[in-house]
Amino acid sequence: HAGTAKPQPPPAQPAAAAEYVGSETCAACHTDVSDHLAQTPHGKGAFAKLSSQGCETCHGPGGAHAENPDDPALRPRIDRMSPRQQSETCQKCHDGHKQFFWKGSVHDRRGLSCMSCHSVHNFKSHEGQLKAATETEACLSCHKNVRTDLWKSSHHPIREGKMSCSDCHNPHGTQTAKMITANSVNDQCYTCHAEKRGPFLWEHAPVRESCLNCHSPHGSNHQKLQKTSVPYICQQCHSNTRHPGTLYDGTTLADQARASNRIFNRACVDCHAAIHGSNHPSSPYLGY
Amino acid sequence: QEQGQEDQTTTQEEQTSTDTRKEFTFRVDPVVLGIWEADVDTDSAKWEEYRDVSSGFVPFLNIEGEAGDRFMNFRGEHIRRDDARYNFSYGILDRYSIVVDYNKIPHRFGNNGHMLWTRTGPGRLEITDPIQAANQTTLVNQFAVNPSAINFTFLNNLLRPYLATAQEIDLGLIRDRTLARVDLGSMAGFAWGLEYTHENRKGDRAYGGSFGFNNVTEVPEPIDYDTTGAQIAGEWNTQRGGLRLGYRYSEFENNISTLMWDNPFRVTNSTDASAYQAPGSASVNGSVIGVADLAASNEASLLFFDGRTRLGGWNLSGNLGYQIMTQDDPLLAYTPNTAIQGIGFDHQRFNASDPATLPVRSADREVQTLSLNAQAGTRFGERWDLTFRYRFYDYDDQSDRIEFPGYARYQAVWEEIPRITVPYAWTRQNASAELGFEITNATRLGFAYILESWDREFREIESSDEDILRLTFDTQPSNWFSLRASYEYGDRSIGDYHTDAQEFSFVEPEGINNLPGLRKYDEAARTSDTFNVLAQLFPTEAWSFSLGATGRDEEYDESEFGLVSDDTITYNAELSYTPGENLTFFLFGQRQDRESFQRNRQSGGTLSTNPLDDWQVLLDETTDLWGLGMTSRFNESWSAELEGRWSKSDGFADFFSPPGGTPNVAVDFDNYEDIELLSLLGRLDYKITRNARAGLFYRWEDYTIDSFIFQGLQNYLPGALLLNPNFQDYTGSILGFELSLSVD
């Protein structure tokens, strides 16, 4: 799309034997590839304007291969390049924007390239020319433990396709940890949960530091993406006099003799409803 | 050469001019008309939690238009349904583009909740006065005769007739999200982007309104949020580097900022020292209505600057962000209970239900954040790389501290305990150095040291340092094998722990302390071990395997109470077999085990020092996820897809309390939380012509939940009047037929 690519000068002329032969020559043999490519962004007229050498803009000069097509060693295959060379090939055009911080990003440093996730010729996704059918599947091909979380009962609508990993992360690299697209975890969460942003009259300190103190954004077996269910997650920090330190065990469930509104339903949050912060003058304990 | 470039540029401009005159040709690829027949055996909201799978037509349309360099696309998914998404884009490649995206996301929390209230206006829930009066009269009379008889049985009998005819409410909301973005390509070396976002969230969710320890009244919180955002950013890239700067604005507006709901047990306001325990043997007093100050409208502005360059063999990059977040909602009065008199700092009584008696009339909050990130990386020798990184984030609440002479506890009674707001502030710094060595062209070993430091104001710990050592190993020696592994060891040390940090919110020392041995886990000293290993094998064209494990173990050895340890490990295995172009099988399985252990001590009105009052719980969760499936193309016309997934969580809460104290024993429960989802999908497709396809699919799901937290839940329980909506078990299926056409 506009702004994601810039016109390129012809690649530096390589060794004398490496001559450009033009895309027509490539298409003469690689008909299927050429026909398919024509239906994709890299087969459109705009690509032709941005790339001086057609197929050879990415693959490099094909003269030697055209002269000896049966010699596998002369095939200008991009997957023979190192990951860094592969990415540099793509970045001749796809530089800046989401790829602005690619160089030195964790995926770059650990040997991934554009081709690890994307394919120019054999992509399956509707957007982004990904090798996987969806962006989420592309990410899960390596981040497999996240799949377990996504299928937990409490989850963001990722497996329903209403969100994707790139709503929070930029796999091409950011300056922040975990490649999130905001400057902090909370800033990231506020983009969709702005009602939690405050600042409030009465604050809950760990809420302001990181939502991850209490929530698992990829999924949880407990309601509201809680890392640990209420009331126990609250009691991991609050164990002072009276009810915060009280034991809520199997005898205090709703259908038991000592049923307590501090364990059933939403437990502590049954009363401390404004747990993310409150503006009510009478709510220093974040009640309402 | 320059002349040649000019000629080339001129030719390109002429070509562009020609392109923009071309007529659009459109391709419909595809238009799909689906008909779904859904069947579900319960009213569980979980069935349609984030989706609309109701019976009816399910259209899909994708149109791609092209006129030379110009493009115009439209995509509509689940058209006119609750989870619809529409996307329109128009532009000229490499010059500009316009994208408009509309995404509708349902989020259903529960169906068929029961409530005694009637919505009489935005944020107003009422119970008719005669009901309140009847309940109050019964309670007052009983209190006069025999207060101890006001127990759950008594109250349950009082409410049961009304609950029998209570109205039903479905809890859930829909997010209507719109994004409009204009990208302008190269303009004097700059690319500009303009973005506008708007989201309206509307619906209801459960809210824990409470009139006191014995009178939790869960009510539907009305949601009507508008969140609007705008961003402008410019980017300039050259061969030597790039710059990006921009401004982002976000406004959150809550159209219903106050919730008022009637107390089912009171028709006149009253108060006494024990009113927060009403209705019960100690009191039957309290407020007629409850008031909650719902999410406050707020604004945020962010100025950001990104840069990168290459200098002397180093890749340098960084960004700077400065943000202001403000909130200035008007404050509500201390209480709506007109019977409560506040007591000021001057010990004079005042009307606590009059907002004019507040020390300030609006919140007037402001936070400034500053973030700075910088990275420098280089390669040296044949095989070495070195990266330095520094991250800084400062959260500074600059709001004035406001003193309140006291507060109304649960709208029931004035507490003459002066409180003061606490503008928490913190700074996080993270500095790291990573050295990488390429053992071979396809094998890299990385070693990193990271120092993460926190400085905090008004919390238990003023500063902490965490030393982290990380080792990474990545290899792909051939096309058929890759291995990625990492291990990280962290050691967080802390300064003095101020158990009495709570006192920061009291004007005068209150003496309310946590246990001296308790350490809040987000600040506490800890060691951590984190690992990740993934091996992938592609022994033949047909077979692929992967085997991996991920884990993190946190140990809080210096924490006598609170979270003591938290250990999670996940194993995964995948197998894929593709014997030919037309057939693929896959199988995957994952198991995650988590154990978290915490220790507490039960106290009464004063902090216990008796170890026999201790209790502890080991929370154990095992989560399994298995999937298998196949896709097959039988011939040119027929293809099929089968898929099954099964996820199951099995939890156990293992308690212990030594005998002889309070508590004396502790009873385990084995439904922490047991949830199971089995999902099966079968699909058969028939290619009628080159451009037409018919498909038939059947999806079946079975969901069960057995959770301690909902075990035995009813609309009225000791101390709680609940909505108790249904988001639990279901068995559902969708039978769908789709006709798909592509038109050139």
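Naming: A, B, ... by sequence-line order, numbering from 1 per chain.
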* **Minimum heavy-atom distance B:Ala408-A:Ser282, with the two atoms named** => N-OG, 2.9 Å
* Asked: With chain A, which of B:Asn724, B:Ile705, B:Leu302, B:Thr326 has the greatest number of heavy-atom pairs at distances under 4.5 Å?
  -> B:Thr326
* **Any donor-acceptor pair under 3.5 Å from B:Gln602 side chain to A:Leu247 backbone** => yes
* Asked: How long is the gap from CZ on A:Phe200 to CG on B:Asp293, to the nearest 0.5 Å?
  -> 9.0 Å
* To do: Give a yes or no on whether a salt bridge exists between A:Glu127 and B:Arg75, defined as a side-chain N under 4.0 angstrom from a carboxylate O.
  => no
* Structure fact -> Note: vs chain A, highest number of non-hydrogen pairs under 4.5 angstrom among B:Arg456, B:Arg85, B:Glu199 is B:Arg456
* Asked: Distance only, no hydrogens: is a donor on one side chain within 3.5 Å (strictly under) of an acceptor on the other, for A:Ser153 and B:Lys46?
  -> yes
* Is A:Arg258 close to B:Val667 at the side-chain level, that is, under 4.5 Å between some pair of heavy atoms? -> no
* Does A:Arg197 offer a backbone N or O that forms a donor-acceptor pair with the side chain of B:Asn298 under 3.5 Å? -> no
* Parallel, tilted or perpendicular: which fits the ring planes of A:His222 and B:Tyr672, with parallel below 30° and perpendicular above 60°? -> tilted
* Between the side chains of A:Thr176 and B:Tyr393, does any donor sit under 3.5 Å from an acceptor? -> no
* Separation of B:Leu563 CG from A:Cys237 SG (nearest 0.5 Å) -> 8.5 Å
* To do: Could you tell me whether the side chains of B:Asn319 and A:Gln175 share a donor-acceptor contact shorter than 3.5 Å?
  => no
* A:Tyr288 side chain near B:Leu259 side chain, heavy-atom distance below 4.5 Å -> no
* Structure fact -> Whatever's closer than 4.5 Å to a heavy atom in chain A on B:Leu713 counts as both
* **Non-hydrogen side-chain atoms of A:Asn186 and B:Tyr395 separated by less than 4.5 Å** => no
* **Side chain / backbone / both / neither for A:His156 at chain B, heavy atoms under 4.5 Å** => backbone
* Is there a donor-acceptor contact under 3.5 Å from the side chain of B:Arg484 to the main chain of A:Cys142? -> no
* Do any N or O atoms from the side chain of B:Asn514 and from the backbone of A:Ser239 form a donor-acceptor pair under 3.5 angstrom? -> yes
* Asked: Has the side chain of B:Arg244 got a donor or acceptor atom that lies under 3.5 Å from a matching backbone atom of A:His97?
  -> yes
* Report the C-alpha separation of A:Glu203 and B:Arg365 in whole Å, then their side-chain angles, then the decisive distance to 0.1 Å, and conclude whether the salt bridge (charged side-chain N to carboxylate O under 4.0 Å, His left out) test is met. => CA-CA 11 Å; A:Glu203 295 279 20; B:Arg365 304 284 96 187; over 6 Å; no
* To do: Please flag which part of B:Ala333 lies under 4.5 Å from any non-hydrogen atom of chain A: side chain, backbone, both or neither.
  => backbone
* Are there more than 12 heavy atoms of other residues, nucleotides or ligands under 6.0 Å from atom NZ of A:Lys227? -> yes
* In terms of heavy-atom proximity below 4.5 Å to chain B, should A:Ser229 be classed as side chain, backbone, both, or neither? -> both
* Asked: When only pairs under 4.5 Å are counted, which of B:Leu722, B:Thr335, B:Leu619, B:Leu358 shares the most heavy-atom pairs with chain A?
  -> B:Leu722
* Asked: Of the backbone (N, CA, C, O) and the side chain (C-beta and beyond), which part of A:Ser220 lies under 4.5 Å from a heavy atom of chain B, both, or neither?
  -> neither
* Asked: When you measure from the side chain of A:Asn261 to the backbone N and O of B:Phe213, does any donor-acceptor pair fall under 3.5 Å?
  -> yes
* Which residue out of B:Gly209, B:Ala300, B:Gly242, B:Ser317 racks up the most heavy-atom pairs below 4.5 Å with chain A? -> B:Ser317
* Asked: With only heavy atoms counted, which part of B:Gln598 is less than 4.5 Å from chain A, the side chain, the backbone, both or neither?
  -> side chain
* Structure fact -> So CZ of B:Phe710 and CZ of A:Arg266: to nearest 0.5 Å the spacing works out to 9.5 Å
* To do: Please state whether the rings of B:Phe708 and A:Tyr232 are parallel, tilted or perpendicular, taking 30° and 60° as the class boundaries.
  => tilted
* Asked: With side chains defined as the heavy atoms from C-beta onward, is the minimum distance between A:Trp102 and B:Arg308 less than 4.5 Å?
  -> no
* Please determine, among A:Glu195, A:Gln235, A:Gln223, the option with the most heavy-atom pairs under 4.5 Å with chain B. => A:Glu195
* Structure fact -> Cut-off 4.5 Å, heavy atoms of chain B, and the answer for A:His272 is neither
* A:Trp202 vs B:Phe404 aromatic rings, parallel, tilted or perpendicular, using cut-offs 30° and 60°? -> tilted
* Judged by atom type as modelled, is there a donor-acceptor pair below 3.5 Å linking the side chain of B:Trp615 to the main-chain atoms of A:Tyr248? -> no
* **Any side-chain donor near an acceptor of the partner, B:Gln323 and A:Asn183, under 3.5 Å** => no
* Structure fact -> Whatever's closer than 4.5 Å to a heavy atom in chain B on A:Asp79 counts as neither
* Which portion of B:Asp83 sits near chain A, non-hydrogen atoms under 4.5 angstrom -> both
* A:His193 portion near chain B, given a 4.5 angstrom heavy-atom threshold -> both
* Structure fact -> Honestly, the part of A:Ser283 sitting under 4.5 Å from a heavy atom of chain B is neither
* Asked: Who wins among A:Asp187, A:Val230, A:Thr174, A:Val269 for the most heavy-atom pairs under 4.5 Å with chain B?
  -> A:Asp187
* To do: Counting only heavy atoms closer than 4.5 Å, note whether B:Arg591 contacts chain A via side chain, backbone, both or neither.
  => neither
* **Heavy-atom proximity to chain B below 4.5 Å, by part of A:Arg262** => side chain
* **Residue B:Asn572 versus chain A: region with a heavy atom under 4.5 Å** => side chain
* **Among A:Lys103, A:Arg208, A:Arg147, residue most engaged with chain B (heavy-atom pairs, under 4.5 Å)** => A:Arg147
* Side chain, backbone, both or neither: which part of A:Arg159 has a non-hydrogen atom closer than 4.5 Å to chain B? -> side chain
* Among B:Ala720, B:Gly436, B:Ala666, which has the most heavy-atom pairs under 4.5 Å with chain A? -> B:Ala666
* Identify which of A:Ser210, A:Gly198, A:Gly161, A:Ser278 forms the greatest number of heavy-atom pairs closer than 4.5 Å to chain B. => A:Gly198
* **Ionic contact status for A:Arg84 with B:Asp385, cut-off 4.0 Å** => no
* Can you tell which of A:Gly111, A:Ala259, A:Gly104, A:Pro284 has the highest number of heavy-atom pairs within less than 4.5 Å of chain B? -> A:Pro284
* Are a donor atom and an acceptor atom from the side chains of A:Asn145 and B:Gln590 found within less than 3.5 Å of each other? -> no
* Structure fact -> Among B:Thr623, B:Thr570, B:Asp474, B:Leu332, the residue with the most heavy-atom pairs under 4.5 Å to chain A is B:Asp474
* Asked: Using a cut-off of under 4.5 Å for heavy-atom pairs, which of A:Asp249, A:Thr246, A:Thr251 has the most such pairs with chain B?
  -> A:Asp249
* To do: Let me know if B:Ile402 has heavy atoms under 4.5 Å from chain A in its side chain, its backbone, both or neither.
  => side chain
* Does any heavy atom of chain B fall under 4.5 Å from the side chain of A:Ser82, the backbone, both, or neither of them? -> neither
* Grab the two heavy atoms, one from B:Leu607 and one from A:Thr241, that are nearest each other, plus how far apart they are. => N-CG2, 3.5 Å
* **Portion of B:Pro718 that has a non-hydrogen atom of chain A nearer than 4.5 angstrom** => both
* Close aromatic pair by centroid cut-off 6.0 Å: A:His155 and B:Tyr50 -> yes
